[in-house]
Amino acid sequence: MHSLGILLSGRGSNFVAIADSVDAGRIPDARIAVVISNKADAPGIAIAQERGLNALVIPSKGKPREEHDREVVAALKQNKVDLLCLAGYMRLLSPWFVQQFPHRILNIHPSLLPAFPGLEAQEQAFAYGVKVSGCTVHFVDEELDHGAIIVQKAVPVLDTDDEHTLAARILEQEHLAYTEAIKIVLEGKFTVVGRRLVTNVTSAHRGI
């Protein structure tokens, strides 16, 4: 049984999608071991509590980043987390944090990376006038929105779209993409060659 950890700072809609997939068996042999937020008023924490999940608030305000990171990592290791999923976690992880879970931290970003990294990606895409946007699930490394890509979903930008309707349609695909990516990583049938993730290889030949 794989133990998932979730980090969130807000509503946690991707966390809810992951939890639904676990409950429905779409992510087999997995359970959510802990949900952690740096904000006590995050709606996602309330949802985790309602679902009876192990929900922790580890406040970040006023703490040095290293101190907060160490508290979060300690909680994740105490709960024996195998795979960590960021679901709207509004803090950059330190290089030390990332090194504690090599190729075991996933993030989802609402654009087709490397286009439009950082905040307000949907608004950036809409303002730029792209015809296709989407979302990306990737491994987290020491750089922002940079690690090897696991799954991408393309979303056409319609002439009738504004940034809000585009964001809503991208979010629908995010929920599908995250489940796919988690399954790929937990099955272990992949290797990372440079920046490329190649699936359907035997786990004995994983290059990570």
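Note that these values count all heavy atoms, side chains included, but never hydrogens, waters or copies made by symmetry.
In this structure a side-chain-to-backbone donor-acceptor pair under 3.5 Å is missing from T179 to L176. The backbone N or O of L113 lies less than 3.5 Å from a partner atom in the side chain of T136, making a donor-acceptor pair. Within the 3.5 Å criterion, the main-chain N or O of R169 finds no donor-acceptor partner in the side chain of Q173. Checked by atom type and distance alone, the side chain of N79 never pairs as donor or acceptor with a backbone atom of V81 at under 3.5 Å. When atom types are taken as modelled, the side chain of Y178 and the backbone of L106 share a donor-acceptor pair closer than 3.5 angstrom. In this structure, H109 contributes its side chain and F116 its backbone to a donor-acceptor pair below 3.5 Å. Although no hydrogens or angles enter the test, the distance criterion places a donor-acceptor pair under 3.5 Å between the side chain of S37 and the main chain of L8. Remark: the backbone N or O of L119 is paired with a side-chain donor or acceptor of Q124 at under 3.5 angstrom. With hydrogens and angles ignored, the 3.5 Å screen pairs a side-chain donor or acceptor of D82 with a backbone N or O of S3.
Cation-pi contact between R70 and W96: present, with separation from the ring centre below 6.0 Å and deviation from the ring axis of at most 45°.
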### Task
Begin from the C-alpha positions of V57 and K39 and carry the test side-chain contact (heavy atoms from CB on, under 4.5 Å) through to its verdict.
CA-CA 6 Å; V57 175; K39 296 184 176 181; over 6 Å; no
#### Entry: Derivation and outcome, side-chain contact (heavy atoms from CB on, under 4.5 Å), residues F97 and L76
CA-CA 11 Å; F97 192 129; L76 293 169; 3.8 Å; yes
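Looking at Y89 and I36, their side chains never come closer than 4.5 Å, going by heavy atoms from C-beta outward. The side-chain heavy atoms of L186 and D29, taken from C-beta on, include no pair separated by under 4.5 Å. Taking the side chain as every heavy atom from C-beta outward, I184 and V137 never approach each other to under 4.5 Å. With contacts defined as side-chain heavy-atom distances shorter than 4.5 Å, the pair R65/R91 qualifies. By the 4.5 Å heavy-atom criterion applied to side chains, E66 and S94 are not counted as neighbours. Proximity of Q49 to V35: side-chain heavy atoms (C-beta onward) are nowhere separated by under 4.5 Å. With contacts defined as side-chain heavy-atom distances shorter than 4.5 Å, the pair L93/F101 does not qualify. Between D69 and Q100, the closest side-chain pair of non-hydrogen atoms is not below 4.5 Å.
A continuous path of Ile, Leu, Val, Met, Phe, Trp and Tyr side chains, each step under 4.5 Å between heavy atoms, connects L56 with V73, placing both in one hydrophobic cluster. By the rule that hydrophobic residues join a cluster once side-chain heavy atoms approach within less than 4.5 Å of another member, I45 and I47 end up as members of one cluster. Under a hydrophobic clustering in which Ile, Leu, Val, Met, Phe, Trp and Tyr are joined whenever their side-chain heavy atoms come within less than 4.5 Å, directly or via other members, I182 and I108 fall into the same cluster. Following chains of ILVMFWY side-chain contacts shorter than 4.5 Å, one can reach F126 starting from Y128, so the two form part of one hydrophobic cluster. Connection of F15 to M90 is not established within any shared hydrophobic cluster, with ILVMFWY side chains joined at heavy-atom distances below 4.5 Å, either directly or through further cluster members.
If you run side-chain contact (heavy atoms from CB on, under 4.5 Å) between V185 and each of L83, V151, I105, L197, only L83 comes through.
Using the six-membered ring where Trp is involved, F139 and F190 have ring planes that are tilted, between 30° and 60° apart.
Separating the CD1 atom in I27 from the CD1 atom in I32 is a distance of 7.5 Å, to the nearest 0.5 Å. For the atom pair OG (S21) and NZ (K183), the distance works out to 9.0 Å, reported to the nearest 0.5 Å. Atoms SG and CG, from C135 and L171 in turn, are 9.0 Å apart once rounded to the nearest 0.5 Å. Expressed to the nearest 0.5 Å, how far CZ of R26 lies from CG of D20 amounts to 6.5 Å. With rounding to the nearest 0.5 angstrom, the CD atom of E174 is 5.0 Å from the CG atom of N14.
Residues passing the side-chain contact (heavy atoms from CB on, under 4.5 Å) test with E142, sequence neighbours excluded: P95, V98, Q99.
When all heavy atoms are compared, the tightest approach of A42 to S9 is CB-O, 3.6 Å. A pairwise comparison of heavy atoms in E163 and Q122 identifies O-CB, 4.5 Å as the closest pair. Nearest heavy-atom pair across S111 and A121 is CB-CB, 4.0 Å. Minimum heavy-atom separation, V22 to A30: CG1-O, 3.3 Å. The shortest heavy-atom contact between P156 and D161 is O-OD2, 4.0 Å.
The number of heavy-atom neighbours closer than 6.0 Å to CZ of R11, taken from other residues, nucleotides and ligands shown, is 12 or below. Atom CD of Q78 has 12 or fewer heavy atoms from other residues, nucleotides or ligands within 6.0 Å.
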